[in-house]
Amino acid sequence: MSSDITQGLTGSNLVAGAERADGARFHGRDPRTGADGPLAVAEATAEEIADAARAAGEAAEQLATWPLSRRVELLRHAADELEADGDAIRATGDAESALGDARLKTELARTSNQLRLFADVVEEGRFLEATIDPPDPDRIPPRPDLRRYLRPLGPVAVFGASNFPLAFSVPGGDTASALAAGCPVVAKAHPSHPATSERSARAILRAVEAVDGPAGTFSMVHGRGVEVGSALVQAPEITAVGFTGSLSGGRALHDLAAQRPTPIPVYAEMSSLNPVFVTARALAARGDTIADGFVQSMTMGTGQFCTKPGIVVLPDNADGQGFADRVAAGARDHDGGPLLNANVASALAEQLETTRALDGVEVLVDGTVETDDGYAARPTVLRVDATRFLAEPRLSAEHFGPVAVLVTGDEQDQLTVADQLEGQLTATLHAEDDEADRLEGLLERLTRLAGRIVFGGFPTGVAVSHAMHHGGPYPATTSALHTSVGSTAMRRFLRPVAYQDAIAALLPPALRNDNPLGIPRQIDGVWTTDAYTGGA
């Protein structure tokens, strides 16, 4: 491995700006070969974790008083620093993830762009939801002077994801939205890409230094077992957790956080099949196009996207057979690709061994999974009728990799499948425009089922925007109320405070009569940037 990959890295935990490396060293693994990764990193000790959380708690008090302009500077500096070190970040990321430079270039751009999106949102100020209700003594009961806004929740623990070493990891959306909300972050690097995490963390620390932020604004710790994550979630200063990963991991953190003396929210994105429903009319009109798009989507990133479509529910007819043949041909022709780590590879191989042997399952394409001397998989395509699918829970468990299950049946079966599936991040519907009237029942079921409904496309590719929702009912996430992508992701790390008949000089700037921040505020139900000319 080239020494250039690790230039400037030490494998230390970065605790409130200081390098700490008291724990035993470990390596990530090169997914292409299974050999040790480029950097030996130090497992965070209990003392280091406690110090990081303590420093974050101290920083939280300062960050809560920052003017919005200073938060904006921090976010934009972080984006600039990541881009300035982009070549090294991508090279390190490829060595640890085997995702390739083109994919990582896109992911780095997404990561810096979402930091800048949050900066724009903070600068505009509406996210504070500053609200003033003038007093009304004639109401029954009388209404006092009420003023409400959102303030930072406190230190946030962020867990990096294996499948996105940038956009959903140390510098990713959870970190960006927490910093935008005014919350310090203690990030746990994913053990699959510790060097990439350190390089990204150093970029963020340079941004913190550039705006003269408190030392505890950002820390990063390493850990390959459950001990580091458990200690971080239980640190008394931590007020919320952002997690992207497995159902078992997210649920364990959620339960641990709920058992604290002071429970805290865990915003975990976990498991999703992202079902695709295809009507008979759509299949007859453009079945080949849908099949080709499906194969491309389910194999993207070797099927390791959280939005990978894992099942297709389609008619059991001649067009459905043609669709299956087309998907199978596309899957057989696909070269497959690397898997992220040994755990992903072994879990997928073990799961497929069971799934392929289930009664009623037809194996259309029997893909391979490599677990030795590197980790890789070729696509697998299975087919089962809707009755058997609904009777066998193991078929509706997420296969994290390039695996698809084709579920065949009639229109009523589609409704039944939609009714009985657990919560999803996305659901996709391929239908013709003139079918709208007869699809209202299915759409209502999909709306109850998922956080994002895709029409005529595929769910891979999550736009970072104001309207995006990346979340869904359990087990897709632990909280269907919030998104982890898009500008409203920062709402997870804000809490409302109302002031009643407050002394004017003690009000936070966002709620003062003269509106010194110049932000949009809701005054007596009307949004305006004008000063308030009433009392207090």
Side-chain angles (χ1 to χ4, degrees), residues 44 46 49-50 52-53 56-57 60 150-164 167-191 197 218-272 306 398 400 422-425 451 469-486 488-496:
I49 296 164
L150 301 179
R151 60 170 287 121
L153 184 62
V156 176
V158 170
F159 285 73
S162 64
N163 56 342
F164 283 86
F168 282 89
S169 288
V170 166
D174 286 343
T175 293
S177 55
L179 293 175
C183 299
V185 169
V186 180
K188 181 189 177 297
H190 196 281
S197 296
F218 180 83
S219 294
M220 184 209 68
V221 295
H222 293 291
R224 57 180 165 179
V226 300
E227 295 81 10
V228 170
S230 298
L232 185 55
V233 170
Q234 293 178 94
E237 295 85 2
I238 298 298
T239 61
V241 175
F243 172 88
T244 301
S246 68
L247 176 57
S248 59
R251 184 56 194 257
L253 293 180
H254 175 273
D255 293 349
L256 191 63
Q259 294 163 10
R260 288 175 28 141
T262 302
I264 59 173
V266 173
Y267 298 111
E269 178 206 315
M270 300 175 295
S271 174
S272 187
C306 50
E398 178 186 16
F400 192 66
E422 294 184 305
Q424 307 290 326
L425 292 173
H469 184 81
H470 189 60
Y474 184 86
T477 71
T478 51
S479 175
L481 304 178
H482 295 285
T483 179
S484 62
V485 177
T488 55
M490 60 194 297
R491 185 63 177 81
R492 298 172 295 172
F493 309 124
L494 295 162
R495 70 175 183 90

What heavy-atom pair brings [X] and [Y] nearest, and what distance separates the two atoms?
X: P184; Y: A56; result: CG-O, 3.2 Å
X: H190; Y: G160; result: CD2-O, 3.4 Å
X: C183; Y: V156; result: CB-CG2, 3.9 Å
X: R260; Y: A235; result: NH1-O, 2.8 Å
X: G451; Y: P473; result: N-CD, 4.4 Å
X: A489; Y: V485; result: CB-N, 4.1 Å

Main-chain N/O of [Y] paired to [X] side chain as donor or acceptor, under 3.5 Å:
X: S197; Y: A189; value: no
X: T478; Y: V266; value: yes
X: S169; Y: A161; value: yes
X: T175; Y: V170; value: yes

Side chain to side chain, [X] and [Y], heavy atoms closer than 4.5 Å:
X: L481; Y: R491; answer: no
X: V233; Y: F159; answer: yes
X: C306; Y: L425; answer: yes
X: V186; Y: P155; answer: no
X: T477; Y: T483; answer: no
X: Y474; Y: L247; answer: yes

Please round to the nearest 0.5 Å and tell me the distance separating atom [atom1] of [X] and atom [atom2] of [Y].
X: S271; Y: R251; atom1: OG; atom2: CZ; result: 13.0 Å
X: D174; Y: F493; atom1: CG; atom2: CZ; result: 5.0 Å
X: F400; Y: S162; atom1: CZ; atom2: OG; result: 5.0 Å
X: L256; Y: L232; atom1: CG; atom2: CG; result: 10.5 Å
X: E269; Y: T244; atom1: CD; atom2: OG1; result: 4.5 Å
X: S246; Y: E398; atom1: OG; atom2: CD; result: 9.5 Å

* To do: Assess whether atom CD of E422 is packed by more than 12 heavy atoms of other residues, nucleotides or ligands within 6.0 Å.
  => no

* Under 30°, 30 to 60°, or over 60°: which ring-plane class applies to F168 and H470, parallel, tilted or perpendicular? ->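 Correct class here is tilted.
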
* To do: Please check if any side-chain donor atom of Q424 sits under 3.5 Å from a side-chain acceptor atom of S272, or the reverse.
  =>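 On atom types as modelled, these side chains qualify, holding a pair under 3.5 Å.
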
